[in-house]
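Everything below concerns the one structure shown next.
Each chain gets a letter, A, B and so on, in the order its sequence line appears, and its residues count up from 1. Note that the structure is a prediction, hence the values are computed from the model and not measured.
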Protein chains: 2
Amino acid sequence: MASKDRILRLKEETRINILDASLQIVKEDGWQALSMRKIADVIEYTAPIIYEYFSNKEAILLELTRKGFLILARDMKSAKEKHRLPAKQLEAMWLAYWHFAFAEKELYQVMFGVDVNCCELCEIMPEAEVPYTLISEVIEELMSPKKPTEDEVSVKYYTFWSVIHGLISINMVRRPTSDEITQEVLKTAISGIIRSIND
Amino acid sequence: MASKDRILRLKEETRINILDASLQIVKEDGWQALSMRKIADVIEYTAPIIYEYFSNKEAILLELTRKGFLILARDMKSAKEKHRLPAKQLEAMWLAYWHFAFAEKELYQVMFGVDVNCCELCEIMPEAEVPYTLISEVIEELMSPKKPTEDEVSVKYYTFWSVIHGLISINMVRRPTSDEITQEVLKTAISGIIRSIND
DNA sequence: ACATTTGCTTAACGGTGTTAAATTATTTAA
DNA sequence: TTAAATAATTTAACACCGTTAAGCAAATGT
């Protein structure tokens, strides 16, 4: 019967509506504002019908995560295809990754669990700047022959922090990588940046 | 009156009890399990008295964040003092940072907003492995003269990912750094790692 | 002894995710 | 066409959440 098809198509449509509504709410008011009742409001149903399409709220987040990975993969593939040299391909893919993170900020957040609460943290909590100060002093000392500007020191600081924080996030979020690999990444990263400081 | 002092001391004590109880709950069942009523249970009071010590739940998280930064600063300082060469000091401080993140995992999480939900994500969602595959293939090609093992490719992959993901996290969580700095960090990081691939 | 303050609890409000029951609408069968 | 069966949707409810207001009981000051 064709009517079965039509109904299935409608069902698939509301499934997508639920995902779209979720993303819309998150884009407007952030992840913490996402609730089943608000989703229901947007799709003009009541909350319980959502459970006919997703077994719970977590399943919605998971589906958005999958959506994110699909878009990311597509973007990275197309970036790769624009080059032939492996080095260029790598750069293009990572830049695509970077752009995806900000173009689809909300998806990236649910994919990798970055929350955005603490933007003005340093203003209300001076202690949060101590690590920055400690490290920057040493970086400046290390660069002192060149009399670096504060911005140049910042560049090095953020590179360091990115590597370490990135490694930590990844090791916390994913299944733990082998210790040897992690330690090697850590050491080579640190010494690599230190070496690069006086380039 | 000395009794005033005693009472103030008791008040300070329950303040600390609240923070300790919070951390205990989080260590046992994760951040998402932390609730005012559960804190009250642990300190053997009812929920509303917590508001005599903290204006709301967010304030408790903020205080734990501060606690984290204090410990981190202490650890980094003492690591620095163990060395005289700036390069050694840097390495020691970042290793201290690293160790802090795992020794005080819960504090690090509330400080930088890393959530830990998706440990087995790759098992239940194959799409999550596509970016890894894409990049690894190119890295392997780039290293091909050396016939690298899968572990060696992983090292490079995770270094890349750490840098990019770390930069993204930082740019999302903190007030936005100037675009020029960010772009320079990105480019130098990427080309640095690419260069290092055939060391 | 009475009044006042303090410490704490109970009760409540509006919100959350989720489930079960009741209701309405649609399709099927006689 | 009408009755029975099935599907679609809502209402009601449960147990929890953060938070606030009202109430009570004990300690304190006068």
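Look at CD on B/Gln32: it is 13 Å from P on C/dG17, rounded to the nearest Å. Taking atom CG on B/Asp41 and atom P on D/dC17, their separation rounds to 9 Å, with Å as the unit. The CG atom of B/Leu10 sits 12 Å away from the C1' atom of C/dG7 (whole-angstrom rounding). When rounded to the nearest whole Å, the span between CZ of B/Arg37 and P of C/dT10 equals 13 Å. The distance from atom CD1 of B/Ile60 to atom C1' of D/dC17 is 14 Å, rounded to the nearest whole Å. Taking atom OH of B/Tyr45 as the reference point, atom C1' of C/dG7 lies 8 Å away to the nearest angstrom. Following rounding to the nearest Å, A/Ile49 (CD1) and D/dT9 (P) show an atom-to-atom distance of 7 Å. Distance, A/Ile50 CD1 to C/dA20 P: 17 Å, rounded to whole Å.
Taken together through direct or relayed side-chain contacts under 4.5 Å among Ile, Leu, Val, Met, Phe, Trp and Tyr, B/Phe69 and B/Ile16 form parts of separate hydrophobic clusters.
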Donor-acceptor contacts, no H, no angles, side chain residues 34-44 of chain B, under 3.5 Å, sequence neighbours left out:
unit_1, atom_1, unit_2, atom_2, d
B/Ser35, OG, B/Lys38, N, 3.2
B/Lys38, NZ, B/Ala33, O, 2.9

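Between A/Tyr97 and A/Tyr108, the gap from one ring centroid to the other is short of 6.0 Å.
The closest side-chain heavy-atom distance from B/Arg74 to B/Ile71 is below 4.5 Å. Side-chain contact between A/Met111 and A/Leu72: present, with at least one pair of heavy atoms (C-beta onward) separated by less than 4.5 Å. Counting heavy atoms from C-beta on, the side chains of A/Leu62 and A/Arg66 never come closer than 4.5 Å.
Residues meeting the side chain to side chain contact (heavy atoms under 4.5 Å, CB included) test with A/Thr149, sequence neighbours left out: A/Asp151, A/Glu152. Partners of A/Tyr53 under the side-chain hydrogen bond (donor to acceptor under 3.5 Å, both in side chains) rule, at least two apart in sequence or in another chain, are A/Thr14. Scored by the side chain to side chain contact (heavy atoms under 4.5 Å, CB included) test, B/Ala59 finds B/Phe54, B/Ser55, B/Asn56 as partners (sequence neighbours excluded). Shown here are the side chain to side chain contact (heavy atoms under 4.5 Å, CB included) partners of A/Glu52, two or more places apart in sequence or in another chain: A/Lys11.
Summary of the strand contacts: B/Ala33 and A/Glu44 both lie near DNA chain D, and taking for each the nucleotide with the nearest heavy atom, the more 5' one is attributed to A/Glu44.
As judged by a 4.0 angstrom heavy-atom cut-off over every strand, A/Glu52 is placed among the base-contacting residues. Counting non-hydrogen atoms under 4.0 angstrom, B/Leu34 reaches the backbone sugars and phosphates but no base.
Residues of residues 13-25 of chain A that place a heavy atom closer than 4.0 Å to DNA chain C do not occur.
Contact between the side-chain N/O atoms of A/Ser35 and the OP1/OP2 oxygens of C/dT16 is found at a separation under 4.0 Å.
Five base pairs at each end of the helix from C/dA1-D/dT30 to C/dA30-D/dT1 define two local axes, and these are offset by 30° (rounded to 10°).
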Do nucleotides 20-25 of chain D as a string where each nucleotide becomes B, S or -: B if the base has a protein heavy atom under 4.0 Å, S if just the sugar-phosphate does, - if no protein is that close. B-----
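Residue pairs meeting the salt bridge (Lys or Arg N to Asp or Glu O under 4.0 Å) criterion with at least one member in residues 79-94 of chain A, sequence neighbours excluded: A/Lys80-B/Glu137. Within the structure, salt bridge (Lys or Arg N to Asp or Glu O under 4.0 Å) pairs that include any residue of residues 14-33 of chain A comprise A/Arg15-A/Glu63, A/Asp20-A/Lys67 (at least two apart or interchain).
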